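Reading through the structure tokens given below for one structure.
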Amino acid sequence: MEINSNKMGFRIAQKRREMGIKQAVLAEAVGISDNHMSNIEKGYSTPSLETLIKICNALCVTPDYILLGSIRKDTAQNIIDDIMLCNYEDKIIIEKLIQVFVEKVTKK
């Protein structure tokens, strides 16, 4: 299993935006510079274990979510976790896709 710094940084940035937290505010809460937080979110830097734990605590997520993108092996829960990272407009599109699929399946 390999940790992808770009995906990890993306998940941090996405969760931060979802919570309405500015990057500088998260950096301050974690105790690192704005520049270091930016580099982590862009995937240029990998946070230390201590910094990762502080980021997780500030964002109310578990380290496995930030590191791997999934919290559980349960496929349905992983889908829900992925949807939670989407913005409002994307969630509307996903909902419509699911409705079309359910209609197709129930007509069989």
Side-chain angles (χ1 to χ4, degrees):
M1 179 179 326
E2 188 175 315
I3 295 171
N4 183 317
S5 295
N6 288 326
K7 289 181 179 180
M8 184 174 71
F10 176 80
R11 285 189 284 272
I12 291 168
Q14 192 73 4
K15 183 64 177 175
R16 175 182 57 74
R17 284 189 213 95
E18 179 185 305
M19 294 178 72
I21 301 172
K22 293 187 181 277
Q23 191 177 68
V25 172
L26 179 57
E28 184 177 345
V30 172
I32 61 175
S33 70
D34 297 358
N35 189 46
H36 190 201
M37 181 58 70
S38 176
N39 286 336
I40 290 170
E41 288 189 2
K42 290 177 183 174
Y44 301 155
S45 298
T46 302
S48 68
L49 181 58
E50 181 180 345
T51 299
L52 175 64
I53 297 302
K54 289 179 181 179
I55 290 170
C56 291
N57 288 337
L59 297 177
C60 301
V61 295
T62 58
D64 55 338
Y65 173 73
I66 295 297
L67 292 168
L68 305 172
S70 63
I71 298 171
R72 300 169 190 89
K73 292 193 181 275
D74 177 18
T75 303
Q77 187 60 51
N78 286 337
I79 292 169
I80 292 168
D81 292 342
D82 288 342
I83 292 170
M84 294 303 295
L85 291 173
C86 296
N87 64 37
Y88 179 76
E89 292 80 18
D90 291 341
K91 288 177 184 174
I92 298 298
I93 293 168
I94 293 166
E95 181 181 18
K96 289 178 183 177
L97 287 170
I98 291 171
Q99 288 171 349
V100 168
F101 182 77
V102 168
E103 287 175 12
K104 178 184 174 198
V105 171
T106 57
K107 287 182 181 181
K108 287 185 176 184

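When reading the values below, keep in mind they use all heavy atoms of this one structure, side chains included, and skip hydrogens, waters and symmetry mates. Owing to the predicted nature of the structure, the values given are computational and were not obtained by experimental measurement.
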Checklist entry - How would you list, by chain and number, every residue that makes a side chain to side chain donor-acceptor pair (under 3.5 Å) with Glu95, sequence neighbours excluded? => result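 Residues passing side chain to side chain donor-acceptor pair (under 3.5 Å) with Glu95: none at all.
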Item to check | Validation row: Met8, Pro47 side chains within 4.5 angstrom (heavy atoms) | outcome: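 Counting from C-beta outward, Met8 and Pro47 do come under 4.5 Å.
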Pairs of donor and acceptor atoms involving the side chains of residues 34-44, under 3.5 Å and at least two apart or interchain, shall be tabulated with distances.
residue	atom	partner	partner atom	Å
Asn39	ND2	Asn35	O	3.4
Glu41	OE1	Arg16	NH2	2.9
Glu41	OE1	Gln23	NE2	2.7
Glu41	OE2	Arg16	NE	2.6

Is there a path from [X] to [Y] through hydrophobic residues (I, L, V, M, F, W, Y) whose side chains come within less than 4.5 Å of each other?
X	Y	value
Ile80	Leu97	no
Phe10	Leu52	no
Ile79	Ile92	no
Leu67	Leu26	yes
Val102	Ile83	yes

Checklist entry - Could you state the interatomic distance from OG1 (Thr106) to CZ (Phe101), rounded to the nearest 0.5 Å? => result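 Those atoms lie 10.0 Å apart.
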Checklist entry - Nearest 0.5 Å, what's the CG-CZ distance between Asn6 and Arg11? => result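 Reported to 0.5 Å precision, the distance equals 10.5 Å.
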Checklist entry - Among Ile55, Leu59, Ile53, which residue meets the side-chain contact (heavy atoms from CB on, under 4.5 Å) test with Asn57? => result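 The side-chain contact (heavy atoms from CB on, under 4.5 Å) with Asn57 is passed solely by Ile53 among Ile55, Leu59, Ile53.
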Give a yes or no on whether [X] atom [atom1] has more than 12 heavy-atom contacts from other residues, nucleotides or ligands under 6.0 Å away.
X	atom1	answer
Lys7	NZ	no
Gln99	CD	yes
Glu28	CD	no

Checklist entry - Where is the tightest heavy-atom contact between Cys86 and Lys91, given as atom of each residue plus distance? => result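 Where Cys86 meets Lys91 most closely, the heavy atoms are O-CE, 3.1 Å.
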Next on the checklist: Please give me the minimum heavy-atom distance between Ala27 and Ser33, naming the atom from each residue.
Outcome noted: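 Shortest heavy-atom contact: CB-O, 3.7 Å.
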Item to check | Residue pair Gln14 / Arg17, side-chain donor-acceptor N/O under 3.5 Å | outcome: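 Gln14 vs Arg17: donor-acceptor pair found between side chains.
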